Amino acid sequence: MATFAKTNFISIIVKALKIAWTSPNSCLGLLGGVVLLALGGKAKLVGGALEFSAGRGIGIFSKLPNGPIAAITIGHVILGMTDELLQRVRAHEHVHVRQYERWGPLFIPAYLGWSLVLLIQGRDPYRENPFEIEAYREAP
Ligand SMILES: [Zn+2]
């Protein structure tokens with residue numbers, strides 16, 4: 001019993017540290033979430049991540065210069081076109097949540113840095129990005 005309580009306490013501390021380490025990214029994601037809420041979107045907490053659907057802001061996702069995206073993860077926040085698409089890509093986006101928990105404030109510079117290097121090499125900055133390779137391997 002004491003071992004269970006100690007293990008549970010440690011896991012709570014570790015989770016709190018991951019949330020704190022990821023919080024600069026999550027704050028950025030929350031700004032996006034507030035915009036989506038203002039456009040009629042919805043929010044819900046799923047598996048430790050706050051998910052926002054776009055509402056009337058769906059055009060933000062469908063009219064991007066490099067093509068439409070179903071969702072994007074920023075820290076513990078996942079922004080997506082619709083509830084249905086969020087459900088469909090949830091496993092993939094939660095791999096990114098775990099990557100943010102490992103990399104913290106370094107995740108966005110590391111992700112974009114890899115993409116830039118790949119782009120300079122004439123390769124696919126999305127599909128060949130190691131963060132995406134891991135996410136597609138764990139959740140195709
Ligand atoms: Zn991804």
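Just so you know, ligand 1 is whichever comes first in the structure, and atom 1 is the first atom listed for that ligand. Note that the structure is a prediction, hence the values are computed from the model and not measured. Sequence positions, counted from 1, serve as the residue numbers for this chain.
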### Query
Can you name the N, O or S atom of E132 that is closest to the Zn ion (ligand 1)?
OE1
### Query
At the Zn ion (ligand 1), what is the angle formed between atom NE2 of H92 and atom NE2 of H96, rounded to the nearest 10°?
100°
### Message
So that I can tick it off, tell me whether R88 and E93 are bridged by a salt bridge, with the cut-off set at under 4.0 angstrom between side-chain N and carboxylate O.
### Response
no
### Query
Can E101 and K15 be counted as an ion pair, charged N to O under 4.0 angstrom?
yes
### Message
Between E93 and the Zn ion (ligand 1), is there a contact where an N/O/S atom of the residue lies under 2.8 Å from the metal?
### Response
no
### Query
With ring centroids as reference points, do H96 and F131 lie under 6.0 angstrom apart?
no
## Note on the structure
When every non-hydrogen atom of H76 is compared with those of I19, the smallest separation belongs to CE1-CA, 3.8 Å
